[in-house]
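Quick notes on the structure that follows.
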Number of protein chains: 4
Amino acid sequence: MAQRAPEEQDKTSGRPRDRSIGEAAISATLEILETDGYFAVSVEAVARRAGTSRPAIYRRWSGRASLALAAVAARLDVPDSPDTGCTLCDLGDSFALFLAAYRTIRPDALSALYAECASDPDLRERYLDTVVAPVRCAVAQTLDRAVARGDLRPETDRGLLLDMVGSLVYYRAMLGQEHLSNDEAVHAIRILLQGAARDYGALLAHSEAMEHAHLHASTESG
Amino acid sequence: MAQRAPEEQDKTSGRPRDRSIGEAAISATLEILETDGYFAVSVEAVARRAGTSRPAIYRRWSGRASLALAAVAARLDVPDSPDTGCTLCDLGDSFALFLAAYRTIRPDALSALYAECASDPDLRERYLDTVVAPVRCAVAQTLDRAVARGDLRPETDRGLLLDMVGSLVYYRAMLGQEHLSNDEAVHAIRILLQGAARDYGALLAHSEAMEHAHLHASTESG
Amino acid sequence: MAQRAPEEQDKTSGRPRDRSIGEAAISATLEILETDGYFAVSVEAVARRAGTSRPAIYRRWSGRASLALAAVAARLDVPDSPDTGCTLCDLGDSFALFLAAYRTIRPDALSALYAECASDPDLRERYLDTVVAPVRCAVAQTLDRAVARGDLRPETDRGLLLDMVGSLVYYRAMLGQEHLSNDEAVHAIRILLQGAARDYGALLAHSEAMEHAHLHASTESG
Amino acid sequence: MAQRAPEEQDKTSGRPRDRSIGEAAISATLEILETDGYFAVSVEAVARRAGTSRPAIYRRWSGRASLALAAVAARLDVPDSPDTGCTLCDLGDSFALFLAAYRTIRPDALSALYAECASDPDLRERYLDTVVAPVRCAVAQTLDRAVARGDLRPETDRGLLLDMVGSLVYYRAMLGQEHLSNDEAVHAIRILLQGAARDYGALLAHSEAMEHAHLHASTESG
DNA sequence: TGCTAAGCGAGACGGTACGTCCCGTCTTAAT
DNA sequence: ATTAAGACGGGACGTACCGTCTCGCTTAGCA
């Protein structure tokens with residue numbers, strides 16, 4: 001009762017699905033989501049706006065939540081984890097990527113969508129995989145590399161640190177009137193790494209050197 | 001279109017409102033919330049379980065969200081901010097209080113409730129005041145005292161630190177399968193204060209001393 | 001699963017039914033019936049054209065057949081049986097009344113409606129009562145009076161005679177491209193009464209005398 | 001959009017149509033018609049029961065009505081008009097033949113089928129040709145012979161008389177709980193011919209003589 | 001024998017209409 | 001004036017079935 005996503009059509013016989021309907025439905029959903037919020041999204045309304053019929057929607061998704069999730073997933077650019085060699089920079093870039101991704105989605109849509117997904121295990125998993133995981137995953141890789149470089153204290157609970165980064169973004173993405181700003185992100189990273197890094201000063205120095213190198217590179221290439 | 005809370009009845013004439021109906025409705029709402037989750041809460045269901053009629057509910061609240069919010073508010077014990085004189089202990093206690101408070105509410109109920117409140121400015125404000133503010137407020141006082149004692153670095157962004165604490169609790173309260181554990185809370189505080197404290201070692205020492213004093217006190221009184 | 005007709009609302013409490021919706025539905029049904037035929041009548045289409053919703057229709061009728069039957073019943077003027085004292089005239093008038101009544105309804109609507117009613121005993125009975133019975137009844141009274149006057153041969157099967165009159169009208173009303181004409185009706189009556197009357201010549205004479213009387217009356221009063 | 005009957009395949013190339021599919025479909029239709037009535041007939045149901053697919057049906061008929069009509073046509077034995085030389089007997093035999101033919105078809109099927117055919121001119125014509133015409137035609141021939149013999153009054157409207165006979169059978173075949181009985185048919189003929197015959201007594205006498213001859217013949221041959 | 005065209009079963013398609021649920025409102029009678 | 005009762009008008013639901021279409025294969029008849 002959850003996915004039935006368009007991409008899953010591997011059937012050998014039968015009339016092939018009209019791809020444009022699925023796309024129109026996703027577009028319509030995103031429009032409604034942006035214009036009137038999650039609760040204005042209904043299979044009925046989406047079908048109407050997409051110029052199609054309810055059954056055509058139900059053939060592709062199991063209901064409102066599944067549809068909205070697909071729409072949000074289509075909107076979310078899943079960012080690749082940055083790898084500059086500098087833990088501080090990577091973390092900053094990770095934050096920036098998340099923020100960029102979530103900024104395309106109305107804050108309340110996320111909470112409403114999650115709320116509706118929460119009661120269905122399948123859907124909940126898809127939500128976490130689609131919306132939460134990419135963010136966590138990118139940060140996780142960054143942290144893994146930091147660990148590999150020996151930048152973090154050995155006793156640091158990586159999972160918790162992950163949550164502390166992720167939760168901050170989410171908190172604002174879901175509850176906030178506005179998303180986290182870049183300045184706030186930089187500040188938060190400082191606090192977290194001052195607490196978690198083996199030698200924050202060294203990281204900072206490295207970062208600044210990188211920045212200079214980058215500036216030089218930019219200057220030279222420019 | 002939002003509150004119409006029971007306490008607002010100032011009418012001078014006519015049959016007075018039966019106060020027990022409001023109470024029964026709140027109880028019924030809490031029961032349904034715990035048993036079957038937020039989406040099982042409907043004015044219909046609450047009226048039925050409270051042994052009253054739908055219009056009687058609508059006379060007191062504007063709808064499901066308003067009603068559920070009132071119920072959650074009734075459930076949440078707003079904790080007083082602890083003041084032990086030790087920043088580390090205070091922060092730990094603050095965490096513990098929030099966790100205790102939120103633990104009485106199903107994680108998904110919070111996100112669903114917020115989602116529904118988000119579209120109505122009045123309701124949204126009430127939600128933030130009722131559910132979010134107490135947590136933030138208690139931590140804020142703790143942080144203020146820490147600042148007053150000179151325990152934090154001067155450049156620390158107190159608001160951001162506040163969000164980092166609050167968001168962690170919320171993140172887990174709303175998204176998590178389970179709420180934050182005490183161990184995780186302790187660990188998180190360590191990271192945050194190692195980052196934000198002027199001298200984390202001193203705070204730690206103070207805390208341990210307090211703990212010993214407390215242990216002695218307990219021992220002596222026991 | 002059949003009637004639930006608007007007139008049956010005797011409830012003591014609760015919001016009273018909006019009478020105009022029922023009327024609009026009947027009107028809409030009649031319009032569709034006339035314009036596009038029985039098969040274009042659907043609860044959906046009627047609700048749309050009546051500017052209301054499907055449930056509002058279902059609250060009043062059990063479905064398409066029931067609704068269409070009510071509409072046809074509203075259209076059919078149930079004629080009073082004529083009583084001129086002249087069997088020939090009465091029968092002629094009866095025919096004319098039926099024809100006038102059925103002429104307001106598309107021939108194919110009757111057969112389609114009956115076809116759909118036939119499978120539901122309740123509905124079938126209502127159909128017979130509403131559409132068929134009035135016609136039969138009026139003729140039956142005419143024949144009864146003829147019998148009372150001694151105008152018919154004693155061995156005549158009154159029920160069969162009734163069917164022979166009714167069937168002729170129905171046959172044309174349901175199957176025919178066009179309804180029975182007045183001339184055909186007069187001719188049919190002659191055939192039937194020549195066969196069934198004790199003394200057809202006397203009836204004819206009587207009828208002509210009546211006609212003259214009527215003409216004189218008309219002349220005198222005119 | 002109406003017939004597309006199996007016999008119309010004149011294509012010169014390509015795989016020829018599998019004749020057995022058409023036959024299986026007709027059989028399946030008749031079975032469903034008898035067992036569950038007209039409304040249980042659907043292209044889907046027929047295809048399933050005939051062990052074939054929906055498109056295969058649609059290749060042969062335009063839809064349910066067309067299919068059902070073909071099935072009914074296959075069932076109806078078109079009776080030859082009897083010619084005994086006796087008007088009364090011929091008419092009685094004609095009635096009997098119709099009744100026998102229609103008795104093989106559920107009364108409600110006729111009205112439902114006609115109702116559905118009525119909206120499509122092509123189909124309507126086919127219905128009249130297939131179901132109605134044979135009956136009318138056989139009676140018409142009987143009446144023609146009666147006219148030729150001088151048995152009917154010259155002023156009799158032959159078409160109307162035709163309708164009076166046909167309508168009576170139809171009326172009962174379509175509307176009735178049960179078909180017309182033989183006794184009723186005899187009685188109806190008496191009424192009609194008493195009205196339409198030049199000399200009913202002579203016809204009656206002739207008929208009785210025939211009957212005797214027939215009895216004798218039967219006796220002799222038996 | 002190989003090609004071609006139309007047949008075939010299978011099954012999903014797009015869409016209409018269905019009959020139902022539940023929401024939030026309104027009316028009535030009674031307290 | 002407010003209560004409990006309960007029906008109201010209506011938005012949306014999820015489903016059944018319609019008639020169509022696409023597929024991959026089969027099957028004749030023409031070349």
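- Position along DNA chain F of the nearest nucleotide to C:Ile21 versus B:Ser53 favours B:Ser53 as the more 5'-ward residue.
- Scanning atom types as modelled, one donor and one acceptor separated by under 3.5 angstrom connect the side chain of C:Arg15 and the base of F:dC8.
- Side-chain proximity of B:Ser42 to the nucleotides E:dC23, F:dG9, F:dA5 is greatest for E:dC23.
- Distance D:Arg19 CZ to F:dT27 C1': 16 Å, rounded to the nearest Å.
- In the set F:dC23, F:dT15, E:dT20, the nucleotide with an atom closest to the side chain of A:Pro16 is F:dC23.
- The backbone N or O of C:Gly63 sits nowhere less than 3.5 Å from a side-chain atom of C:Ser66 that would complete a donor-acceptor pair.
- At the phosphate of E:dG9, OP1 or OP2 sits under 4.0 Å from a side-chain N or O atom of D:Thr52.
- Per the geometry, OH belonging to D:Tyr58 stands 12 Å off P belonging to F:dC21, to the nearest Å.
- Nucleotides of DNA chain E nearest to D:Ala56 and C:Phe39 differ in position, and the one nearer the 5' end is that of D:Ala56.
- Position along DNA chain F of the nearest nucleotide to D:Val43 versus A:Val43 favours A:Val43 as the more 5'-ward residue.
- The existence of a salt bridge linking D:Glu34 and D:Arg106 is excluded, since no basic side-chain nitrogen approaches an acidic carboxylate oxygen closer than 4.0 Å.
- Summarising the geometry, the separation between CD1 on A:Ile57 and P on E:dC13 is reported as 13 Å, rounded to the nearest angstrom.
- Rounded to a whole Å, the CD atom of B:Glu44 is 13 Å from the C1' atom of F:dA7.
- Using a 4.5 Å heavy-atom cutoff, the side chains of B:Val72 and B:Thr130 are not in contact.
- At least one side-chain nitrogen or oxygen of B:Arg59 sits closer than 4.0 Å to the OP1 or OP2 atom of F:dT3.
- Along DNA chain E, the nucleotide nearest to C:Arg64 and the one nearest to B:Arg54 differ in position, and the one closer to the 5' end is contacted by C:Arg64.
- The distance from atom CZ of A:Arg124 to atom OG of A:Ser119, rounded to the nearest 0.5 Å, is 10.5 Å.
- Rounded to whole Å, the distance from CZ on C:Arg17 to P on F:dG10 is 13 Å.
- Dashed line: the shortest gap from a side-chain N or O of A:Arg48 to OP1 or OP2 of F:dA12 is under 4.0 Å.
- Here E:dC18 presents its C1' atom at 14 Å from CG of C:Leu67, a figure rounded to the nearest Å.
- Looking at D:Ile26 and D:Trp61, their side chains come closer than 4.5 Å, going by heavy atoms from C-beta outward.
- D:Trp61 places its CH2 atom 16 Å from the P atom of F:dC18, with the value rounded to the nearest Å.
- A:Arg49 places its CZ atom 13 Å from the P atom of F:dA12, with the value rounded to the nearest Å.
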